[in-house]
Every structure is written in structure tokens, then in C-alpha cells.
Asker: 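Quick one: this structure, given as C-alpha cells, is what I'll be asking you about.
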Number of protein chains: 2
Amino acid sequence: MEELATEQEAEESHRQDSVSLLTFILLLTLTILTIWLFKHRRVRFLHETGLAMIYGLIVGVILRYGTPSSSGRDKPLSCSQEDRPFTTLLVNVSGKFFEYTLKGEISPGKIHNVEQNDMLRKVTFDPEVFFNILLPPIIFHAGYSLKKRHFFRNLGSILAYAFLGTAVSCFIIGNLMYGVVKLMKLVGQLSDKFYYTDCLLFGAIISATDPVTVLAIFNELHADVDLYALLFGESVLNDAVAIVLSSSIVAYQPTGENTHAFDAAAFFKSVGVFLGIFSGSFMMGAVTGVVTALVTKFTKLHCFPLLETALFFLMSWSTFLLAEACGFTGVVAVLFCGITQAHYTYNNLSVESRSRTKQLFEVLHFLAENFIFSYMGLALFTFQKHIFSPVFIIGAFIAIFLGRAAHIYPLSFLLNLGRRHKISWNFQHMMMFSGLRGAMAFALAIRDTATYAHQMMFSTTLLIVFFTVWIVGGGTTPMLSWLNIRVGVDPDQDPPPTNDNFQVLQGDGPDSERRNRTKQESAWLFRLWYSFDHNYLKPILTHSGPPLTTTLPSWCGLIARCLTSPQVYDNQEQLREEDSDFILNDSDLTVTYGDTTITANGSSGPHTATTSLDGRRTKSSSEEALERDLGAAEHEVASRGTRLVFPLEDNA
Amino acid sequence: MEELATEQEAEESHRQDSVSLLTFILLLTLTILTIWLFKHRRVRFLHETGLAMIYGLIVGVILRYGTPSSSGRDKPLSCSQEDRPFTTLLVNVSGKFFEYTLKGEISPGKIHNVEQNDMLRKVTFDPEVFFNILLPPIIFHAGYSLKKRHFFRNLGSILAYAFLGTAVSCFIIGNLMYGVVKLMKLVGQLSDKFYYTDCLLFGAIISATDPVTVLAIFNELHADVDLYALLFGESVLNDAVAIVLSSSIVAYQPTGENTHAFDAAAFFKSVGVFLGIFSGSFMMGAVTGVVTALVTKFTKLHCFPLLETALFFLMSWSTFLLAEACGFTGVVAVLFCGITQAHYTYNNLSVESRSRTKQLFEVLHFLAENFIFSYMGLALFTFQKHIFSPVFIIGAFIAIFLGRAAHIYPLSFLLNLGRRHKISWNFQHMMMFSGLRGAMAFALAIRDTATYAHQMMFSTTLLIVFFTVWIVGGGTTPMLSWLNIRVGVDPDQDPPPTNDNFQVLQGDGPDSERRNRTKQESAWLFRLWYSFDHNYLKPILTHSGPPLTTTLPSWCGLIARCLTSPQVYDNQEQLREEDSDFILNDSDLTVTYGDTTITANGSSGPHTATTSLDGRRTKSSSEEALERDLGAAEHEVASRGTRLVFPLEDNA
């Protein structure tokens, strides 16, 4: 009969699991139906994520106050163990042995008042679920759906905002919050420890912006593409920086007695940890992306789209696991894997797999994102360790406002010194306004809610996410029109050249166009990377680009022939024909970026299709190709609208 | 420092989890690449699932013998608890409280020799993972991708094979195995208890056929569509029957002292459980399918394919959870949900969502299936409680052979008495041959491996799956040619009418064609259902079928107008035009099925497009429509190849 009782208990537990998951599914279904209604009626003041939170809140209230609280917690076992807990435990229950696994530590004061309610306990997920299941598809999709052209065009600014900006924001928020904490101690509002490192951690957590609602509206209204690229790019890389930053702050452990004072050795260790984790995760992501590209290039897997899609999915997922297994950050690795996959592998996929993979990750992303936002709404009432401190909350709101301002305006000023295409005041205001906090801040905050300080930070983060998503999300459309930001822009079209004497190159293929645009704002470092990518990586990893036999030195002939896919020669032929349609619409082709103006020896000028047309092209070294690229870019075409044959070598 | 140690342990555990998942992903990747190679070179002797098992086996051997065995198991806690185990446990470790969750019971003899190896323990999944995560997408996909036309045409036979056949097979195998067990007891080969119910359970487990390899080859070679429908339909419903059958056998618990003898009350209780679970699960699946159909019909969700796909996915998943929460079988519910979704909801989806949902579930199905088969290979070496008994294994092989024979041949004989389109000897031999065991048998067997009998059953099941997948999978192509079964058939084409004086209706749309074909072999019960479905369900749930205003009695006018979508009237108009191309190729339209030949009062004869063409059609009751349908079917068209205008009312 004992066996039966245990079985029944397990069954009951399984049933409750099903019910709690069902709750979330119904929440999501409701959200989807309401979103449809909103989209149908063109309501824009509330985004789907905001809606998911509201429904989550309602269900949270019902669960909190509507379900009976049961005595789910059994009394603690009295016997004491050895000095540290085992991961698994065997317990002898009247002759039978039962296996238990370690779940975590419970602070002694909480033993009797936490999780009295079975249902509330069931709807509370392990925080690691967010990091291991829900965030990866969201972040991968962000990387995979990156609009490369506009992203790379603004890469320098995006990197500056994401790295420098997030660091600045983290330190400013951290220090302001330390002031707030000191103040709270003075007025006796603080009942437990709150260290400086906790404040910095809060700064890192809350610096991860997630303008999902703003971007959705931008997408819908086709707002300015460069602003979109800046916001999207910043928020994507930002998340990665915030994760790694928070792990580095956690890793900051001064030695000796004074464990919470500043320690130079520990500080540099933290910086080292940051650089190590970031570059390690980046490498992992890039390497799996490259491996997938190679596999899809050198097999004829594209004849079987199902196999191809499955392989793509598995390889992308393995990045995450590989990074986690090596002690790096899976989420960051997945982001860079997504970017690499979009840049290389995507070109090798069959048409069907392209749409399949896009759609698969779009659905996963949509479900995961709305799930997290519903959960946030739910957590406000079902999470049982909330600590709401009005002083801390008000302080946090002021701090994030100041932190965002100190991040956007000075950086934009510095960037504008070098940028040819300036970031206007309106754009800066819009970026300031769009500093929403979302899924990543929540996931980082819920990861560790063991101490008093962390619980207060979690509750505050939740409120900040609610406030920013609802207010900022609702205010985006009015803000756009108030700031006079262009809407209804064709993303493949470029901004009007009359505005700032901005030159436009119009090619036949969007690819070549993108490439040409990219060159306009690229720094020397980026240009180096670009030519390396174009001459070596693209031909090695994809079916496009110039044949390696022409870009590699002659002594690599055999390898080059092996690595170059036969399609490339065909592509060359084909593109040679198409190239004759390439035209230059505007005259000024000077390449400017950052604080560097590149003046290459533009000797070769625009080439016409004069290279031999007998199937194989004449050998040209990578330097030559780069020179020609630069030459073409430098050359001044006198008459606007002249049809000009574009250099052949640019078939990326 | 204690805290740190625990954290490090948790991290280590997480890392091991990642590594074990990574192992499976690499296995699947390897499988995909090899499958591609096989498909590329048209190798057909080994299917992807067989391959996945081989790779699983290899990795299993490496894990088993290549990794050092660590002392992962800590010694049991000495203190004894109360009379039954708690689900959560608080343990006081030198002043700190740690929470533990119950994992399961361990038999006392196993405490020191099981799971010494951390890695082996990590790659061993909770059996419920199969039922809650891996099987649902596989089964849903089976229901959703069902080729309706051929399935419904053979519905009677499929139901007979699946229900009667599985029951017969289960009882025959169970009884034969009981004989084997008795024999083993006689010769002293059995060291622990093995009850009659265990034998029956084995019969239920091993009766779930899964001809995945055969069907893949059929698909590739375009083998006979009716044979395909019979095999596929049987295996799909078969799985559902086997699951419910095994739960009913587990529920069979005679009262009183003699707990393992026959008890009529308990037997009827088991039958009741079977019927209850089956019909309950069926209802759950059908209801969520119908709800999804209604939602997709009455909202304009099809303007937003992403929302539509997400809703479809969530609703389908909720079936599973709903059934589990209500105590029914989620996997069975999901199957019927899939069939309902394919029959109704699919028609309401946008073109993009149709391909999206198909592809999404195809990828999930592919990954889940190959994962299970890799895991099977792995489990042969990593599962630590194997009991291989040669006598039992040989007995089991003989029993499944006899069970399959006793299921196919007599049933086919009985069915042939009524079927007009006989199941030929070749088909029967092929069905006999295709009785593979796969994912479902494995999942059922691994679900409970607590007792000696169950462990022996699990090991035997594993061997049976290996053997049948490899041998039968490899032998399919030779068998097909040896049995002279047609290959290279166009699935939309019908078998040659000359063969068995089988009439062919050729319509413009595949839908109407299917419907017409369906009628040819439908029994009166099915015909009743068909006309109900066509006149009421299809118009209510989808945008197709005749307007409800014409099929419902006049007093339901208001409801009918509300439920009928405006598209129906348009469709009517359109189809009226198209209908004029419908032709009847063959003369004999007698409807025969099972042991019943239907002779309806074919008075009305084939209608030509004489009904009023002024936008709304003249009112016709469902009886009239049925009569006309029947009439059309009964009418003898004298000259072959005559172009005959087909009745309008048949626009399903």
C-alpha cells in the first residue's frame, strides 16, 4: 500500500505539472487572440509583450488569492549530516530506500513561510529554465534575423553603444544605487546587508535593454532603418555584454578579511573574466557557425531540406551546450552563432531550408518571448520572496534614467565627431526613450534570489520592466511623430541622398548593394575584415565570392581548388553578365568612418568587363581586389545618374 | 566556503548535463550526415533509425567501458523517517537547511552497484521524458500527416487491424510468454517472480508496431498507396491501443488474497478502464481540434501566419496537457487532435501557416524519432539493470511472430469476405513482414523497470526493436520486389481499374476526388458519419462544404447564417463552374464495404448544374444531399469515358 501511495503522489504531482503548464499555454493563447484583435484594429498603444504581462498579472492574482494554501512543505528531517550536503541522498524509510536530489539551500528563517501553496510552487520555474530553454531561441533569432546591411553599416556605433555604453550605464547605475543604499541605511530602511558589489550587479542586470515593443512598432511603421539598426544592434549585443558583466561582477571576490572593499587584484581578475568569457563565447559561436557552413557547403544536403533544417537546428543548439560545457556563456555563444549562420550558412541552404529555419526560429522566439513576459506578470504575485522598498525603487528609476542619459548623449557626441552620417538629436532622444528593460534583465535578476539584496533587486527589476514596457511601449507611436522620425521607409531603399550629401550605389542584387553601402562608413579595421571576409571566408564557407584560385597566392593552388566550389565559377560567369547593369547614382564615393578618412591609391578606377571571358578569370591577388574596391570607392564620378559599369571583382 | 563548494558542485552537474545532451546532439548530427550520404548514394538497406541505433550503440560502448567509474553515489543517510517518504525533504547540514526532492525508490540490493558512473547516470533520462516530450510530436505528426483519402477509404480494415488485431496479438503473445515463463521456472532459469499480468503487459508493449523504416521505403519508392494506408493507419492507431491496453493491464488489480489469479470483476474493471481512457482521450483530442478549427475560422488570424502557427502549436500541445491533467492519455489525445486538425483546421489556415505547421512538426518529429532510436542504441550498454534471458528472448521472438501471424491472416480473411477491393496474399505477407517494433514499444517498456520481470521485458524489447529495425528495414526493398508489389505509383492516382473492376472518379480537385473514392468502400455507419461531417461539421468548422442555410432545417436559419462563413457562398459559385469538368471514368459505382452492400434508393441520379445560379442555391435538406450522393454512386453509367457532369452538392 505504501508503494501505491507514492505512486499516487507522483501521479498527482504530474497532474499538477500539467495544469501549471496548461495555465501558461492558455495565457499565451489568450494573448495571441488579443494581439490579433489589436493588430486587426490597428491598436498600437499596447504591445503583445505588455499584454502577456497583464494576463500574467491577472492569473497571478487568481493563483495567489484564489487557491487554498496547502501544507506542501513537510517538516525538516531532524538528523544532521556531514559538513556539506550531498547532491543525491538515500533515505531509509522503514526498510525501503528512496533517492532524493539536492534542490538548493533554504535560509532558516524561510523554512516555514515559503511555498505553502502547492499550486504557487508548481507555477514557479527553476530560474535556470530561462537561461537554458527560453533565452537561447530568443537570442539566436535576434542574431539570425539581423538585417546585416544596416547592422554592418553602423557596426562601429553599435559596438560603442553596446560595450562602452553598457559599461558606463552599469557603473553609473551601480554607484547611484550605492548612494541610495547608503541613504536607506541612514534612515533605517535597510534591514539586511547590501554591498557595493550588489549595487554593481544591479547596474549590470538593469543595463540590458530590450526594446522589443519599440522595434515591433518600428517594423510595423517602417521607421528609419538606421535608427532601427542602431537600436536593434545595441540591444542584441547589449544583452551579451550584460550577461558577461554580471558574471564578472559575481566572480569579483577580494581575498583576505575585507571581502567587500575594493581590491585591485580582484578587479583585474574580473576584467580578465569578462574578456575571457566574452571572447570564449564569441569563438564558440563563430566556430560552430563556420563548421555548419562548411558542412552545408561540402555536402549536397540541400537536396534534403528536412535533413538540412534538422542539422542546422542541432548545430545551433550544440553551440549553446558546447559553451556551457566549457564554462562559457551559452546565450552569448548562441548570439554569435546566429550572426555567423546568417552571414555564411544561410547562403548555402536550399530555398526551402532558408524559409524553414527562419520560420522555425521565429515561432520558437515568439513563444519563448511571450512566455517570459507572461511569467513576469505571474511572478509579481506568485513569487514569494518579494521585497518592495519605495526608496530603492524610486532611486532605481532615477538611476536608470540618468544611466541611460549618460550613456546615449556623450557617446553619440563622440561618435558624431567621426561619423559622416551624424546621429541627429531626434535619434538620440528616441534612443534615450527606447531604453526598455525586458526578458534579459528579468532572467538575470531571477537567477539568484537567495539574499535580501538580490530579492530587493529582483522586485525592483520586475517593476522597472513593467513600467518601461507599458509606458514606453505605449508612447512609441506618439514619440515617433513628435520627434519627426521618418516612417514608411522601404528597408531596401536608402535614405534620401539630398539630406546629407550621402551617396547611393544602386546594384542589381541587394547583396552587392549592401556591400557597397557598407564600405561607405567603414573604418580601416573593418575594411581589413571586410576584404578578408570577402576574399577568403566567403569563398571558403559559401558558394559565393571570387574563386579562391584567384585570391590565394599561387602556392596554395591545390588547396584553393579543393575549397572553391564549382558553382563559384558559374556564379562569376553569371554575375559578369549582370554586372553591366550596375550603376552609380551619386558622385561622392569617399569612404569615411569614425575619425579616419581612408584615402587609398585609387589608381585602377572603375573596371569595365574587360577581364577575359573564357570561363576562368585572370588571376588577381587579394591586394589587387582590395585596391580595385578602394579605387572604385574613391573614384569621383562626375555626372549624376551616369550609367557606369561596376567592377567585376565585387561579386560578394 | 561551504556555499562555494555546493555552487561548484551544481556547476559541475550542469556541465555534465550539457555534455550528455551534447553527446546526443553529436550523435544525431552524425546520423543526419550519414543518412544524407546513404540517400545520396541510394543505399536502402539501412534506414536512418537503424543508423541512429548503431551510432547509439557505439557511443554506449564508449561510455560504458571508456569512462572511469566514479563514486557518484553517496552512502545512504542512516536515520530512518516516518512510514512513507515525503516528496520534498529538508536536511539540516551543520546548521544550514537544504531542500531535496524525491526521485524514486531504490531496491536495497541495488544501492551499491547501480549508477556508479556519473556519466552513465547523466545520459540516462527519466522515462517520462519519452512520454511527455518525445512521443507527442511523433504521434501528432503521424495524425497530422495522415493521407486522409487513402486512410478513410480503408478505415474499416484499419480499425479492425488496430483494435481487434492488437488485442488478439496482445493476448496470444501474453499467453505464449506465460508458457515460456512456466518453462523457465521448470528448468530453473527464473530467479524472481513473473506473473501472468506481466506476460500480458509484455504482450501489450510489444504489440505496438512501428513500421517507420518500411513506410520510409514505401514513400521513397512510391509503393502501393492502399498497402501504405493499411500499414500506416494500423501502426498509428495501434500505438494508441497499445498504450491504453498497457495502462488497463496495469490497472488490473484483483482484490483479496490471490492477487495474481484471474478475477472477473477486476477484468471488467480493466475493460472499463480501457474504454474510459480511450474514449476520454479521443474526446479531448477531438474537442481541442474542433476548438482550434472554430477559432481559426471565426477570427481573421490567417492574416498573421506567425500568430496562427503559434496558436496552432499551443492548442495542439494543450490537448496533451489537458488529457494528462484529466487523467487520460496525452499521447492518444494528441493523435486524435492531429487527425482533427488535419481534417478541419488545416482548411482554415493561411497558405503560409499550412506549410509552416507541416514543416514545424516534421522537423520536431524527425528530431524526436531519431533521438529515441539513438537513445535505444545507447541504452543497450548504459542501462544498468539489463536481464538477458536467452530462453525468454527466443520465446519472445517466436511469440511475436505467431502473434503477428494470428493477427494478420485471420483478420484479412474475415475482412476480405466483405471487402470489394480484396487484400491480396502479397499484401498480407507484406503486412506480416512489416510488423516492426519501434519507439512506442521502447517507451512503454522503459516506463517501468522496477521489478525483475519488467527489467527482463525491457531488455527483450530492446533486442526485438534492434532486430526488427535492422533486418526488416534492410529486407523491405527485396521483399517488395519478391512479392511483386507495385512501386512508382502516383499517390493521387488510383489503382488501375482493370485489375478488379474498380471504378475511378476523376474530379478536378483532389479533395472531391478523395471524397468520391471514400464512398466506394464505406459502410453504412461510415456513410452516416460522412454525410454528417460533410453537411454539418465541415460547414461549421471550416470555410468549405455546402452553406448551413441549405443543410440545416429552416427553423435554425439564424444560427445557420451566423455559422456559415461568407466564403462558402463564393466557393459554391466557383465550384459550380469547376464541377462541369468532373467526369466518371468507370461505370460501376456500387458502394460496398465490410460485409454490407448498400443499396440506396438511387432515384435522383446524377444531377447536372440545374440548380438556380443566382448566387444563393436552392434549399436542400441533408437527406436530399445524401440521397443525391447515394444516387450518384448507385447510378450505372453505361459508356466508359463519358464526360458526365457531376452533382453540385458534393463540394466538400
Side-chain angles (χ1 to χ4, degrees), chain A residues 2 5 9 15 18-19 21-22 25 28-29 32 35-36 39-40 74 76-77 79-81 83-94 96-106 108 111 299-301 304 306-307 309-311 314 317-318 321-322 324-325 356 359-360 362-363 366-367, chain B residues 2 5-6 9 15 18-19 21-22 25 28-29 32 36 39-40 74 76-77 79-81 83-94 96-106 108 111 299-301 304 306-307 309-311 314 317-318 321-322 324-325 356 359-360 362-363 366-367:
Chain A
E2 266 166 39
E9 234 167 71
R15 199 168 296 181
S18 299
V19 171
L21 260 179
L22 204 59
I25 288 190
L28 288 184
T29 311
I32 288 175
I35 297 165
W36 163 72
K39 287 206 175 193
H40 190 59
D74 299 304
L77 209 64
C79 61
S80 65
Q81 241 185 343
D83 54 321
R84 64 188 190 80
F86 297 122
T87 43
T88 53
L89 204 66
L90 276 189
V91 178
N92 184 340
V93 179
S94 48
K96 290 195 167 197
F97 289 92
F98 290 91
E99 192 180 4
Y100 285 81
T101 45
L102 180 63
K103 213 177 151 194
E105 198 190 332
I106 305 279
I111 289 174
T299 61
K300 287 208 177 73
L301 215 56
F304 307 97
L306 176 63
L307 294 185
T309 309
L311 184 90
L314 288 175
W317 190 20
S318 72
L321 294 172
L322 202 65
E324 291 285 319
R356 265 191 196 216
Q359 290 174 355
L360 178 71
E362 198 184 353
V363 171
F366 177 85
L367 291 175
Chain B
E2 268 165 39
T6 324
E9 236 167 70
R15 198 167 297 180
S18 300
V19 171
L21 260 178
L22 204 59
I25 289 190
L28 288 183
T29 311
I32 289 176
W36 163 71
K39 288 205 174 191
H40 190 60
D74 299 306
L77 210 62
C79 61
S80 65
Q81 241 185 343
D83 54 322
R84 65 187 191 80
F86 297 122
T87 43
T88 54
L89 203 66
L90 277 187
V91 177
N92 185 339
V93 180
S94 49
K96 292 198 166 196
F97 289 92
F98 290 90
E99 193 180 4
Y100 285 82
T101 45
L102 181 63
K103 213 177 151 195
E105 199 190 331
I106 304 280
I111 289 175
T299 61
K300 287 209 176 72
L301 214 56
F304 305 98
L306 176 61
L307 294 184
T309 308
L311 184 90
L314 289 175
W317 189 19
S318 74
L321 295 172
L322 201 65
E324 290 285 319
R356 265 191 197 217
Q359 289 174 356
L360 179 70
E362 198 184 352
V363 171
F366 177 84
L367 290 175

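Chain letters run A, B, ... following the sequence lines, proteins first and then strands; every chain starts at 1. Values in this document were obtained by computation on a predicted structure and should not be read as measured data.
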Asker: Which bit of A/Leu367 is near chain B, if near means a heavy-atom gap under 4.5 Å: side chain, backbone, both or neither?
Answerer: side chain

Asker: What option among A/Leu28, A/Leu360, A/Leu307, A/Ile35 has the most heavy-atom pairs under 4.5 Å with chain B?
Answerer: A/Leu307

Asker: Mind checking what makes side chain to side chain contact (heavy atoms under 4.5 Å, CB included) contact with B/Leu22, not counting sequence neighbours?
Answerer: A/Ser318, A/Leu321, A/Leu322

Asker: Using a cut-off of under 4.5 Å for heavy-atom pairs, which of B/Lys39, B/His40, B/Lys300, B/Glu324 has the most such pairs with chain A?
Answerer: B/Lys300

Asker: Between atom CD1 of A/Ile32 and atom CZ of B/Phe304, what is the distance when rounded to the nearest 0.5 Å?
Answerer: 13.0 Å

Asker: Quick check on A/Trp317: does its CH2 atom have over 12 non-hydrogen neighbours (other residues, nucleotides or ligands) under 6.0 Å away?
Answerer: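 For A/Trp317, atom CH2 is not crowded (no more than 12 foreign heavy atoms under 6.0 Å).
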
Asker: With sequence neighbours excluded, what pairs up with A/Glu362 under the side chain to side chain contact (heavy atoms under 4.5 Å, CB included) test?
Answerer: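 Scan of A/Glu362 (side chain to side chain contact (heavy atoms under 4.5 Å, CB included), adjacent residues dropped) gives A/His141, B/Leu306, B/Arg356.
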
Asker: Checking B/Thr309 against chain A: side chain, backbone, both or neither under 4.5 Å from a heavy atom?
Answerer: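 For B/Thr309, the side chain is the part near chain A, not the backbone.
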
